[in-house]
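Below: the structure, in structure tokens.
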2 protein chains.
Amino acid sequence: MTTLTAALPNIFSTLEHDHKKCVSKALDTAQHLCVVRGVQLTPIRLQVLELIWDSHKAVKAYDLLDRFKLQQQAAKPATIYRALDFLIEQGLIHRVESLNAFVGCNCSEHQHELLLLICKHCHEVDERPAPKVMAVLSEEFSQAGFIAYSKAIEAQGICLKCQQSQDEQNSLTGRTDLSVNLKPYSVFDLSQD
Amino acid sequence: MTTLTAALPNIFSTLEHDHKKCVSKALDTAQHLCVVRGVQLTPIRLQVLELIWDSHKAVKAYDLLDRFKLQQQAAKPATIYRALDFLIEQGLIHRVESLNAFVGCNCSEHQHELLLLICKHCHEVDERPAPKVMAVLSEEFSQAGFIAYSKAIEAQGICLKCQQSQDEQNSLTGRTDLSVNLKPYSVFDLSQD
DNA sequence: ATCAAGGATGTTATAATATAACATCACACT
DNA sequence: AGTGTGATGTTATATTATAACATCCTTGAT
Ligand SMILES: [Zn+2]
Ligand SMILES: [Zn+2]
Ligand SMILES: [Zn+2]
Ligand SMILES: [Zn+2]
């Protein structure tokens, strides 16, 4: 009963989706987990979590702060960072290291490693379980004699949704915008021998 | 002739190694690549690269700046960041996102994705090619319909060398220090049903 | 020789991200 | 009432990174 991410393409990338469901599921799960764990999902923490779940995009701490202040109360960075620390500890959000930003976790009820697909175009982040990848990765660790305490994969690229909407654009305009500034992998074409 | 990382445990984690070789190889490769590519490995850039290769630890930009200034000349952040930008562009160093730090690339002559094993204990970073992981990862991308332009895996843990030296410690003191503050993966033990 | 262009560096200022330290508050337990 | 704990408020500062503009230097064209 735990096949939360059954569809192969990600949860939200192919079509419009009912984001209210994402939000209510995330908040319900958060409430539940915090009760079970005996930790406090205080109003501030809840509010920050809601702000993060405003979209599937990764959010910057100071953007959260600004939005938090708009809603009502004065706040300082510490307020936000403390809430973020709590949410991360509880596995309710993830920190996206390559962006210095934060994104809601869509499967916080499970232990899981991270595979984050980060779209350079729409900035949405899709978290996928990817057990195969993680298994192979674990093998690699044992080979290296490395004891891993956390692993995270962050991939930058273009999500399916953006590819599709770009295709539509192109069929109208004849342009291929996405290739601008985006070359697959780095520029290593000179192998010395 | 390109089996640079033949040994299974990483290049430097098991035993003392001749780090001068690491450095001279890195610098030679850098020189060569820059000549072939027609880009300038200026004195500043070379000096920053040398400072980074001072060890296998990831280095912070402002630590580099301090060390750079010690050596001789006054410098401002921009000097260092510009050198870092250049070195990253040329694939001579990597940015470790989870640490906001930088580490020398030990295989800059090849196109490669990143698997960084980051030791929480000694702070050394081991870069491994891990082609299997990358292959499985690519599969995962296709399944998600994601076009990846860069991928990086950063794993935090304890390297072999530190495990071994810790074992020695323990056989003397009877303590198990490494477990302090380090629990394997996160604290998800409550599965709701 | 002079000029123009590009790349590298110098310099000043500031932006963006994050934490330290200490005071206060609120609630639970005694 | 007294005490302890966790959460929050508040002030200040640390850390990381970039913007903007001036200068310099080489190279190549006029
Ligand atoms: Zn959604
Ligand atoms: Zn997208
Ligand atoms: Zn070495
Ligand atoms: Zn180590």
Side-chain angles (χ1 to χ4, degrees), chain A residues 30-31 33-52 57-69 71-90 92-103 123 154 181, chain B residues 30-31 33-35 37-52 57-69 71-90 92-103 123 154 181 187:
Chain A
Q31 299 272 13
L33 285 178
C34 288
V35 170
V36 174
R37 292 171 181 168
V39 296
Q40 302 179 46
L41 190 58
T42 61
I44 288 181
R45 291 164 174 176
L46 180 57
Q47 199 179 337
V48 170
L49 182 60
E50 285 171 347
L51 286 173
I52 289 175
K57 300 186 205 310
V59 204
K60 300 272 186 175
Y62 277 73
D63 290 345
L64 281 174
L65 177 56
D66 292 341
R67 290 203 269 137
F68 187 93
K69 287 193 283 195
Q71 294 202 342
Q72 48 203 297
Q73 55 274 73
K76 307 286 162 56
T79 305
I80 300 299
Y81 279 104
R82 284 196 280 233
L84 291 171
D85 286 345
F86 171 86
L87 296 170
I88 289 171
E89 259 174 38
Q90 297 304 318
L92 301 173
I93 64 171
H94 296 299
R95 188 185 152 82
V96 184
E97 302 288 355
S98 56
L99 301 177
N100 291 339
F102 305 85
V103 71
H123 305 115
E154 299 186 5
N181 288 324
Chain B
Q31 299 273 12
L33 285 179
C34 289
V35 169
R37 292 170 182 167
V39 296
Q40 304 178 46
L41 188 58
T42 62
I44 289 182
R45 291 164 174 177
L46 179 57
Q47 198 178 338
V48 169
L49 183 60
E50 285 172 345
L51 286 173
I52 289 175
K57 301 187 204 309
V59 203
K60 300 274 187 172
Y62 277 73
D63 290 346
L64 280 175
L65 177 57
D66 292 341
R67 291 203 269 137
F68 186 93
K69 286 193 284 195
Q71 294 201 343
Q72 48 204 295
Q73 56 272 74
K76 307 284 163 54
T79 304
I80 301 299
Y81 279 104
R82 284 196 280 232
L84 291 171
D85 287 346
F86 171 86
L87 295 171
I88 289 170
E89 258 175 38
Q90 297 303 320
L92 301 174
I93 63 171
H94 296 300
R95 186 186 154 84
V96 184
E97 301 289 355
S98 56
L99 300 177
N100 291 338
F102 306 86
V103 71
H123 305 112
E154 299 186 3
N181 288 324
V187 217

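Chain A is the first sequence line, chain B the second, and so forth, proteins listed ahead of strands; every chain is numbered from 1.
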B:R45: partners by salt bridge (Lys or Arg N to Asp or Glu O under 4.0 Å), with sequence neighbours left out = none
Nearest non-hydrogen partners of B:E154 and B:R95, listed with the distance = OE2-O, 4.0 Å
Nearest whole angstrom, please: distance from the C1' of D:dA7 to the CD of A:E89.
-> 13 Å
Under 4.0 angstrom between B:K60 side-chain N/O and D:dT15 OP1 or OP2 | no
Separation of C:dA8 atom C1' from B:Q73 atom CD, nearest Å, is 14 Å
A:A78 near the nucleic acid: base, sugar-phosphate alone, or nothing, with a heavy-atom cut-off under 4.0 Å?
-> base
Are there any protein N/O atoms within less than 3.5 Å of an N/O atom in nucleotides 27-30 of chain C, and if so, which ones and at what distance?
none

Counting side-chain heavy atoms from C-beta on, which of C:dT11, D:dA17, C:dA8 comes nearest to B:T79?
-> C:dT11
5' priority, DNA chain D, between A:K76 and A:F86 [closest heavy atom] = A:F86
To the nearest angstrom, how far is B:D63 atom CG from D:dT15 atom P?
-> 9 Å
Whole-Å distance separating the CD1 atom of A:I80 from the P atom of D:dA7 | 16 Å
Provide, to the nearest angstrom, the distance between the CG atom belonging to B:D66 and the P atom belonging to D:dA14.
-> 14 Å
Evaluate whether the aromatic ring of A:Y81 and the six-membered ring of the C:dT19 base sit under 5.5 Å apart, centre to centre, with an inclination under 30°.
-> no
Take atom CG of A:L84 and atom P of C:dT19, then tell me their distance rounded to the nearest Å.
-> 10 Å
Can you figure out which of D:dT8, C:dT9, C:dA18 approaches the side chain of A:T42 most closely?
-> D:dT8
A:Q47 atom CD is separated from D:dT8 atom C1', nearest whole Å, by 14 Å
Side-chain-base donor-acceptor pair under 3.5 Å for A:R82 and D:dG6 | no
Short side-chain N/O contact to C:dT17 OP1/OP2 from A:R95, under 4.0 Å = no
Checking only heavy atoms, does the side chain of A:Y62 share a donor-acceptor pair with the base of C:dA15 at less than 3.5 Å?
-> no
Could you check which of C:dT11, D:dA17, C:dA18 has an atom nearest any side-chain atom of A:F102?
-> C:dA18
Whole angstrom is fine here: how far is it from CG in A:D85 over to C1' in D:dT8?
-> 14 Å
Member of A:L84, A:T42, A:V59 meeting the side chain to side chain contact (heavy atoms under 4.5 Å, CB included) criterion with A:V48 | A:L84
Any side-chain N or O of B:Q40 less than 4.0 Å from the OP1 or OP2 oxygen of C:dA8?
-> yes
